[in-house]
Amino acid sequence: MASQDSSEQTLGRIMRERRDKAKRLGEQGAPAYRNDVRPTHSLAEIRRRYGDTRPESPPPGIQPVDGERVCVTGRALARRGFGKTAFVPIRDESGDLQLFLNVDHLDARDFETVLPSLDVGDIVGAEGPVFWTKRGELSILCERFYIVTKSLRPLPDKWHGLSDVETRYRQRYLDLAIHPEVREVFRKRSEIVRGIRRFLDDRGYLEVETPMMHPIVGGAAARPFETHHNALDMKLYMRIAPELYLKRLLVGGFERVYEINRNFRNEGLSREHNPEFTMLELYRAYATYEDLMELTEALVGELAREVLGGTTVTWDGRDIELAAPWRRITVQDALAELGGVSGEVFDDPVAAAEVAISRGVAAEDVARALVEPLSADEVGEIARQCGAQAEGGPSRPGAASGEADAVPGDATAAVLAAFGRAEERPNLAKAITARYEDEMQARVRAGAIAYKIFEEVVESQLVQPTLLTQFPLAVSPLARKNEVDPAFCDRFELFVGGREIANAFSELNDPDDQRARFEDQIRARAQGAEEVMDYDEDYCRALELGMPPAAGEGIGIDRLTMLLAGQNSIRDVILFPLLRPE
RNA sequence: GGGCCCAUAGCUCAGCCGGUAGAGCAGCGGACUUUUAAUCCGUUGGUCGAAGGUUCGAAUCCUUCUGGGCUCACCA
């Protein structure tokens with residue numbers, strides 16, 4: 001019963017009406033998509049130029065400020081019509097300004113044909129002098145008025161804006177068009193990147209570009225995206241980090257290099273994780289991680305002063321002071337001070353395991369860390385032992401995983417499962433650690449677990465900028481060992497607001513040590529670890545040529561932007577964050 | 001992947017103790033020669049995210065699915 005026209009939905013009707021207007025404009029000699037309007041000034045320039053000559057009380061009547069005629073362009077944000085007069089606030093990249101369109105001043109044809117066809121959202125142009133309205137608003141007294149580009153889709157509510165988060169991300173163009181504060185965030189992001197380049201360029205660093213498609217996985221602990229090259233019929237991985245390529249450049253003789261580019265990691269999405277994210281990595285020969293702590297303090301302080309105009313920022317509701325010096329504390333001291341965990345956990349893996357589980361670390365993760373250096377045969381033997389114990393314990397239907405001839409993966413699974421049962425855990429932990437080669441290996445394993453405790457209980461407490469130093473060896477496969485205590489590495493991470501912002505270390509340049517670390521990674525993979533690196537033979541070959549001692553650092557640009565722009569979600573600092581398809 | 005929450009007009013939202021939808025803005029028509037979310041009069045517009053189910057009857061209750069948010073897990 002609905003009639004053809006009246007049943008048409010609002011959006012469809014609005015768009016049809018706007019298309020009709022565009023068509024009519026063209027027929028009347030005022031094309032709706034034109035490219036012959038050249039602004040003489042940005043809106044901000046007009047304000048700068050005339051804004052400070054604002055009269056105490058504007059002269060009566062309509063009086064141009066001076067004899068100059070300007071041309072401006074922008075998107076129409078609203079239309080307030082008064083019959084013989086209309087006000088149209090417009091916005092360009094620089095800011096907002098109001099057009100004043102009056103029948104006595106505007107070209108008659110523009111008034112009669114163009115103005116009535118105007119819709120909010122159209123991109124318009126106007127020519128005329130500048131003047132002040134009675135209410136004291138700087139305006140363009142329009143003599144000519146153009147619809148430069150017709151907008152067919154209606155803008156969101158001018159008062160409430162667009163609050164639907166999903167639409168803001170999916171239609172970022174719309175978000176940007178109506179929310180100046182969103183543009184401001186991305187302008188800051190650009191300033192930050194520019195500031196980093198200037199900072200490093202001034203200090204003699206060379207900006208380089210290294211591959212983003214890698215034949216093997218390396219440089220970080222993360223799962224990669226896979227792709228394929230047809231002509232070479234070759235599997236490729238989107239890079240998870242540029243580290244190993246940049247250090248090859250140190251071998252080649254570049255002593256200070258950096259790269260700002262995308263990394264890709266195949267992991268979940270969250271407020272602080274986007275699968276593709278931008279990373280700064282820099283390397284400096286003849287330097288240590290301690291030099292980079294100073295560099296980082298200087299860099300972040302300088303960026304804050306440039307972008308914020310000061311060194312204090314509110315992030316996630318907390319005030320943060322970014323001025324140097326920042327607190328420096330070892331992972332071990334932080335764990336003791338902020339977690340009440342004694343240093344014993346860095347020496348004794350069995351004790352570390354119990355503390356970790358009592359502090360909320362998943363038993364399976366703890367077990368995995370313990371088992372990592374063992375061979376498949378050794379794990380099998382342990383599985384046999386704990387399988388026997390399990391029969392007396394809580395029943396596990398179809399518990400084939402504990403059987404003697406189980407494949408290595410099953411043996412590992414059985415050990416991990418058994419580790420979850422508190423009454424078996426002490427004996428199991430002892431059985432595993434008894435197979436360690438020496439005291440050092442035990443301390444390295446303890447460190448791996450201690451670091452999990454650190455992540456669980458300490459990280460979120462590091463609100464003010466904190467440089468954490470001396471990381472356990474097991475979680476730093478590319479970092480140089482500490483010369484006093486080789487169970488640790490010369491490494492630091494910067495935490496702000498409970499989030500990791502930067503990661504740096506003195507680089508491992510002993511090729512034989514590096515080979516041993518890669519072998520550890522391969523062993524860990526055999527025990528089921530997924531986020532491990534491939535053995536990079538060519539990288540080892542490069543180190544064998546000799547890499548100067550060096551320090552390197554990675555800084556997450558997205559998180560740094562979040563910090564300096566006061567944004568709580570990484571999606572608010574990435575123009576087009578990954579979303580499921582509509 | 002788990003838990004909690006959300007999805008109603010182009011936008012922002014109400015309706016949710018079941019009786020098949022409302023407001024403001026935007027739009028359309030009209031009035032108005034200095035407005036600032038202009039105002040005033042009139043008015044159009046909805047397969048209530050999708051599919052099933054319960055019921056005489058579902059926007060409303062139940063189930064599943066889709067998309068999103070928060071959170072946990074994952075994530076150096």
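Please read all numbers here as calculations on a predicted model, not as lab measurements. Numbered from 1 within each chain, the chains take letters A, B, ... in sequence-line order. When reading the values below, keep in mind they use all heavy atoms of this one structure, side chains included, and skip hydrogens, waters and symmetry mates.
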Enquirer: For the pair made of CG in A:Leu162 and P in B:U12, what is the distance, rounded to whole Å?
Expert: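 Those two atoms, CG and P, are 6 Å apart.
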Enquirer: How would you list, by chain and number, every residue that makes a side-chain contact (heavy atoms from CB on, under 4.5 Å) with A:Ser94, sequence neighbours excluded?
Expert: A:Ser42, A:Leu43, A:Ala44, A:Asp92
Enquirer: Check the phosphate of B:G67 against A:Arg580, side-chain N and O only, distance under 4.0 Å to OP1 or OP2. Yes or no?
Expert: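 Result: yes.
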Enquirer: Going by atom type alone, with no hydrogens or angles, which donor-acceptor pairs under 3.5 Å involve a side-chain atom of residues 462-477 of chain A and a protein atom two or more places apart or on another chain?
Expert:
residue: A:Gln464; atom: OE1; partner: A:Glu321; partner atom: N; Å: 2.9
residue: A:Gln464; atom: NE2; partner: A:Asp319; partner atom: O; Å: 2.8
residue: A:Thr466; atom: OG1; partner: A:Gln464; partner atom: O; Å: 2.7
residue: A:Gln470; atom: OE1; partner: A:Asn482; partner atom: ND2; Å: 3.3
residue: A:Gln470; atom: NE2; partner: A:Tyr289; partner atom: OH; Å: 2.9
residue: A:Gln470; atom: NE2; partner: A:Asp490; partner atom: OD1; Å: 3.4
residue: A:Ser476; atom: OG; partner: A:Pro472; partner atom: O; Å: 3.2
residue: A:Ser476; atom: OG; partner: A:Arg491; partner atom: NH1; Å: 2.7

Enquirer: Summarise how protein sits on nucleotides 28-38 of chain B as a single string, 5' to 3': B when a protein heavy atom is under 4.0 Å from the base, S for sugar-phosphate-only contact, - for no contact.
Expert: S---BBBBBBB
Enquirer: What nucleic acid atoms does A:Arg491 come within less than 4.0 Å of, heavy atoms only: base, sugar-phosphate, or nothing?
Expert: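 Base, at least one base atom sits under 4.0 Å.
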Enquirer: Run the salt bridge (Lys or Arg N to Asp or Glu O under 4.0 Å) test against A:Arg109 and tell me which residues pass, sequence neighbours left out.
Expert: none
Enquirer: When the side chains of residues 452-461 of chain A are checked against the rest of the protein, which donor-acceptor pairs come out under 3.5 Å, sequence neighbours left out?
Expert:
residue: A:Gln461; atom: NE2; partner: A:Leu338; partner atom: O; Å: 3.1
residue: A:Gln461; atom: NE2; partner: A:Val457; partner atom: O; Å: 2.7

Enquirer: Describe the nucleic acid contact of A:Pro472 in one word from base, sugar-phosphate, nothing, applying a heavy-atom distance below 4.0 Å.
Expert: nothing
Enquirer: Contact class for A:Arg271 (heavy atom, under 4.0 Å): base, sugar-phosphate, or nothing?
Expert: sugar-phosphate
Enquirer: Could you give the CD-to-P distance, from A:Gln9 to B:G27, as a whole number of Å?
Expert: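 So the CD-P distance, A:Gln9 to B:G27, works out to 19 Å.
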Enquirer: Could you name each residue pair satisfying ring pair (Phe, Tyr, Trp, His ring centres under 6.0 Å) that touches residues 96-133 of chain A, not counting sequence neighbours?
Expert: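 Only A:Phe87-A:Phe100, A:Phe100-A:Phe131 qualify under ring pair (Phe, Tyr, Trp, His ring centres under 6.0 Å).
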Enquirer: Base, sugar-phosphate, or nothing: which does A:Asp365 touch, judged by heavy atoms less than 4.0 Å apart?
Expert: sugar-phosphate
Enquirer: Is the phosphate of B:G68, meaning OP1 or OP2, less than 4.0 Å from a side-chain N or O of A:Arg170?
Expert: yes
